[in-house]
Amino acid sequence: MARHLITSALPYINGIKHLGNMVGSMLPADVYSRYLRQRGHDVLYICATDEHGTPAELAAKEQGLPVDEFCAQAHDAQKAVYDGFALAFDYFGRSSSPENREITQHFARRLNENGFIEERSIRQVYSPVDGRFLPDRYVEGTCPHCGYDKARGDQCENCTRVLDPTDLINPRSAISGSTDLEIRETKHLFLLQSKLENEVREWVAKHDKDWPQLASSIAHKWLTEGLHDRAITRDLDWGVPVPADTWPELAAEGKVFYVWFDAPIEYIGATKEWADQDPSTRDWKSWWYDVDTDVRYTEFMAKDNVPFHTVMFPATELGVREPWKKVDYVKAFNWLTYYGGKFSTSQKRGVFTDQALDILPADYWRYFLIANAPESDDSSFTWEHFTATVNKDLADTLGNFVNRVLSFSKKRFGEEVPAGGEPGEAEAKLGEQIAELLAEYESQMESLQFRKAAAALRALWSAGNSYLEEKAPWLEIKTNKDGAALTLRTAMNLIHLYAVVSEPFIPSTAKTMRETFALTEDTATWVTAAEAKSLASVPTGTPFTVPPVLFAKLTDEDLETYKERFGGTEA
């Protein structure tokens with residue numbers, strides 16, 4: 001089986017993430033990782049908190065904590081939420097780790113040796129009120145391209161154009177709001193992306209037919225505009241320091257690398273963190289160094305992260321002139337909006353992941369988000385849509401099927417899977433249908449089409465309900481007890497099949513369904529076409545229990561409560 005390296009965009013350290021962040025990177029990466037593991041592939045799923053940059057410094061200052069202590073606490077808080085969502089990372093690291101510092105500095109030295117880093121004197125925004133040079137994202141103003149009045153000095157969120165702080169119209173400090181800004185001279189390191197543009201262009205062209213249109217089009221937009229040399233250092237106290245053995249003057253001034261230079265390198269750094277925990281059995285370089293034909297690397301991210309992963313980081317990897325693994329497939333997502341408007345941490349608009357877990361278990365959210373993933377275009381979260389999906393798909397289609405099959409069988413046949421007669425035409429027809437739907441589900445998962453995969457999974461669940469309605473064992477038992485037993489036995493085998501194939505989407509519920517049956521050796525990781533057709537993996541006489549309600553139906557009162565708490569109107 002293939003080896004699969006999977007990463008999701010690093011969540012920034014500053015604050016708990018909202019549902020849009022979850023569905024835009026980490027959750028689909030987890031679903032895909034779980035699926036691949038079930039199919040027998042060797043999978044390494046890596047993520048980490050992105051901890052450097054001015055926002056971390058400011059957040060720490062607001063809380064009265066040293067920045068390293070703040071980041072350590074924030075990392076643990078985020079990790080607790082991701083554990084609550086059952087994200088099965090192989091390792092969840094930190095970009096402030098010694099490993100990332102070591103590898104980032106190595107990359108910088110190699111780029112310098114190869115002529116792709118240059119020290120330049122530049123004029124930079126300085127705020128006398130704040131007493132500091134302002135990193136680009138802490139200068140705000142009006143975008144000169146689209147007129148958006150809250151553009152940051154690194155990028156306009158509205159039109160996605162890359163900016164420098166000096167490009168902004170009517171600039172102001174994002175820290176103090178002061179417009180009393182000066183331009184002073186300072187020295188920084190520049191990555192000479194212009195010298196690497198043709199190589200990046202050729203590399204991107206190789207993936208045109210493979211990447212989704214969203215990822216490919218964003219990469220080409222950047223390349224069409226041309227790659228500009230970009231400052232990769234900042235005047236901050238917190239970050240990967242410029243190595244003194246290569247740039248002693250800048251190191252003495254306390255320069256650190258720009259967060260967008262070291263953050264993608266943390267994918268490698270976190271893998272080394274993982275390996276350093278058990279170096280006798282783990283080899284981080286076997287995933288990252290000189291492995292292009294051995295490892296398939298898939299990245300998951302929202303569209304705002306795409307330029308850095310398809311252009312800037314590949315330029316860095318190309319420039320070091322070493323055989324570091326580059327991404328094979330970029331799974332990019334559009335935005336999940338909240339009633340048509342943006343989720344906002346600062347404005348506390350929308351549902352955040354910790355709040356979501358306070359309301360309902362993770363599987364409710366996991367299924368809804370993946371079933372409505374913003375793949376081809378933006379999608380909108382509304383409480384009306386959420387409650388309707390939960391009630392129709394999870395409570396009625398899956399949950400009700402499991403409950404009524406097991407409850408009725410226990411009442412009429414006891415607590416063991418009944419025997420009944422031999423499978424007939426209805427069972428053969430069902431088996432063929434299940435095998436076809438399972439193949440569709442597999443196909444969509446293999447191609448990373450998550451909404452279509454969710455639809456195929458839903459169709460699998462629906463097939464069980466249609467079979468049950470057709471056979472109607474509650475009527476059948478009055479005239480054909482063996483026939484009713486066969487129907488229930490077949491339905492119980494469907495429950496076990498659902499437990500196996502639903503695991504990537506709803507792992508906790510899948511575990512509950514699987515543990516319903518007291519099978520002595522239940523090691524199935526997937527279901528073959530032959531097994532799907534026969535529906536005989538749970539033998540007659542297997543003890544079973546009736547689990548609690550898998551999914552509670554949400555009421556109109558619940559809906560109103562959620563809307564009152566979080567808001568529920570169009571933006």
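In this chain, numbering begins with 1 at the start of the sequence shown.
With N100 contributing its side chain and G269 its backbone, the two residues share no donor-acceptor pair below 3.5 Å. Side-chain N or O atoms of T397 include none that pairs as donor or acceptor with a backbone N or O of L394 at under 3.5 Å. Side chain of D262 to main chain of V240: no donor-acceptor pair is present (N/O by atom type, distance under 3.5 Å, no hydrogens or angles). No donor-acceptor pair under 3.5 Å is formed between the side chain of D50 and the backbone N or O of A263. In this structure, H18 contributes its side chain and G20 its backbone to a donor-acceptor pair below 3.5 Å. With hydrogens and angles ignored, the 3.5 Å screen pairs a side-chain donor or acceptor of R366 with a backbone N or O of F85. Checked by atom type and distance alone, the side chain of T353 pairs as donor or acceptor with a backbone atom of K17 at under 3.5 Å. Judged by distance alone, with hydrogens and angles left aside, the side-chain atoms of D558 form a donor-acceptor pair with the main-chain N or O of T555 at under 3.5 Å. Using a distance-only test at 3.5 Å, with no hydrogens or angles considered, no donor-acceptor pair links the side chain of E157 to the main chain of D304. No donor-acceptor distance shorter than 3.5 angstrom exists from the side chain of Y91 to the backbone of A275, with no hydrogens or angles considered.
Contacts of E384 classified as salt bridge (charged side-chain N to carboxylate O under 4.0 Å, His left out), with partners at least two apart in sequence or in another chain: K563. Applying the salt bridge (charged side-chain N to carboxylate O under 4.0 Å, His left out) test to E51 and every residue at least two apart in sequence or in another chain returns R94. Under the rule for a side chain to side chain donor-acceptor pair (under 3.5 Å), the partners of Y267 that lie at least two apart in sequence or sit in another chain are H309. Under the rule for a side chain to side chain donor-acceptor pair (under 3.5 Å), the partners of S216 that lie at least two apart in sequence or sit in another chain are D208. Not counting sequence neighbours, the partners of F566 by the ring-ring contact (aromatic ring centres under 6.0 Å, His included) test are W383. Residues satisfying the salt bridge (charged side-chain N to carboxylate O under 4.0 Å, His left out) criterion with R37, sequence neighbours excluded, are D90. Residues satisfying the salt bridge (charged side-chain N to carboxylate O under 4.0 Å, His left out) test with R3, not counting sequence neighbours, are D42, D294. Applying the ring-ring contact (aromatic ring centres under 6.0 Å, His included) test to Y12 and every residue at least two apart in sequence or in another chain returns nothing. Partners of R34 according to the side chain to side chain donor-acceptor pair (under 3.5 Å) rule, which considers only residues two or more places apart in sequence or in another chain, are D30, E503. In terms of the side chain to side chain donor-acceptor pair (under 3.5 Å) criterion, T561 has no residue partners (sequence neighbours excluded).
Note: W324 and Y289 meet the aromatic proximity criterion, with ring centroids under 6.0 Å apart. Between F386 and W365, a ring centre-to-centre spacing shorter than 6.0 Å is recorded. Taking the six-membered ring wherever Trp is involved, the centroid distance between the rings of W274 and Y45 does not fall below 6.0 Å. For Y367 and W461, the distance between ring centers is under 6.0 angstrom.
Remark: K326 NZ is packed, more than 12 non-hydrogen atoms of other residues, nucleotides or ligands lying under 6.0 Å away. More than 12 heavy atoms of other shown residues, nucleotides or ligands fall within 6.0 angstrom of atom CD in Q277. Within a 6.0 Å radius of CZ in R230, other residues, nucleotides and ligands contribute more than 12 heavy atoms. Other residues, nucleotides and ligands place more than 12 heavy atoms under 6.0 Å from the CG atom of D358.
In this structure, A270 and C47 approach most closely via the heavy-atom pair CB-O, 4.1 Å. Here the closest non-hydrogen pair linking L163 and R152 is CD1-O, 3.5 Å. Counting all heavy atoms, side chain and backbone alike, F70 lies closest to A59 at CZ-CB, 3.5 Å. Here the closest heavy-atom approach between residue P307 and residue I218 is recorded as CG-CG2, 3.6 Å. Nearest approach of A453 to M445, heavy atoms of both residues: CB-SD, 3.6 Å. Taking each heavy atom of A219 and T310 in turn, the nearest pair found is CB-OG1, 3.4 Å.
Side-chain N/O atoms of Q444 and E440 include a donor and acceptor closer than 3.5 Å. Counted by atom type alone, W526 and E442 present one or more donor-acceptor pairs between their side chains at under 3.5 Å. Side-chain contact annotation: Q78 with T49, donor-acceptor N/O pair under 3.5 Å absent. One side chain, Y35 or E446, offers a donor N or O that lies under 3.5 Å from an acceptor on the other. In summary, the side chains of Y297 and T7 do present a donor paired with an acceptor at a separation below 3.5 Å, with no hydrogens or angles considered. Under the 3.5 Å distance criterion, with hydrogens and angles disregarded, no donor-acceptor pair is assigned to the side chains of S447 and K452.
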Under 3.5 Å, which donor-acceptor pairs do the side chains of residues 369-378 form with other protein atoms, sequence neighbours left out?
unit_1 : atom_1 : unit_2 : atom_2 : d
N372   : OD1    : H385   : NE2    : 3.3
N372   : ND2    : F368   : O      : 2.8
E375   : OE1    : F450   : N      : 3.4
E375   : OE1    : R451   : N      : 2.9
E375   : OE2    : K331   : NZ     : 2.9
E375   : OE2    : F450   : N      : 2.9
D378   : OD1    : K303   : NZ     : 3.4
D378   : OD1    : W335   : N      : 2.8

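Between D154 and Y258 the shortest side-chain heavy-atom distance falls below 4.5 Å. Looking at heavy atoms from C-beta onward, W288 lies out of side-chain contact with K272 at the 4.5 angstrom threshold. P547 places none of its side-chain heavy atoms less than 4.5 Å from the side chain of E515. In this structure, V23 and L19 have side chains that are not in contact, with every pair of non-hydrogen atoms separated by 4.5 Å or more. Put simply, the side chain of L36 reaches to within 4.5 Å of the side chain of I6, judged on heavy atoms. Taking the side chain as every heavy atom from C-beta outward, D328 and D210 never approach each other to under 4.5 Å. In this structure, L497 and L535 have side chains that are in contact, with non-hydrogen atoms separated by less than 4.5 Å. Two residues are said to be in side-chain contact when any heavy atoms from C-beta on lie closer than 4.5 Å; Y498 and L494 meet this criterion.
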Exercise. Which is it for Y562 and L360 under the side chain to side chain contact (heavy atoms under 4.5 Å, CB included) test, yes or no, and what are the steps along the way?
Worked result: CA-CA 11 Å; Y562 302 149; L360 290 166; 4.1 Å; yes
Exercise. What do the steps show when you test W238 against H52 for side chain to side chain contact (heavy atoms under 4.5 Å, CB included), and what is the final call?
Worked result: CA-CA 6 Å; W238 178 241; H52 293 138; 3.6 Å; yes
Problem set entry | Chi angles and distances behind the side chain to side chain contact (heavy atoms under 4.5 Å, CB included) call for T298, L448 | CA-CA 10 Å; T298 306; L448 286 83; 3.9 Å; yes
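Within the structure, salt bridge (Lys or Arg N to Asp or Glu O under 4.0 Å) pairs that include any residue of residues 390-403 comprise D393-R458, D396-K553 (at least two apart or interchain).
In this structure, L65 CG and C71 SG are separated by 10.0 Å, a value rounded to the nearest 0.5 Å. Distance check, rounded to the nearest 0.5 Å: OG1 of T509 to CG of D363 gives 3.5 Å.
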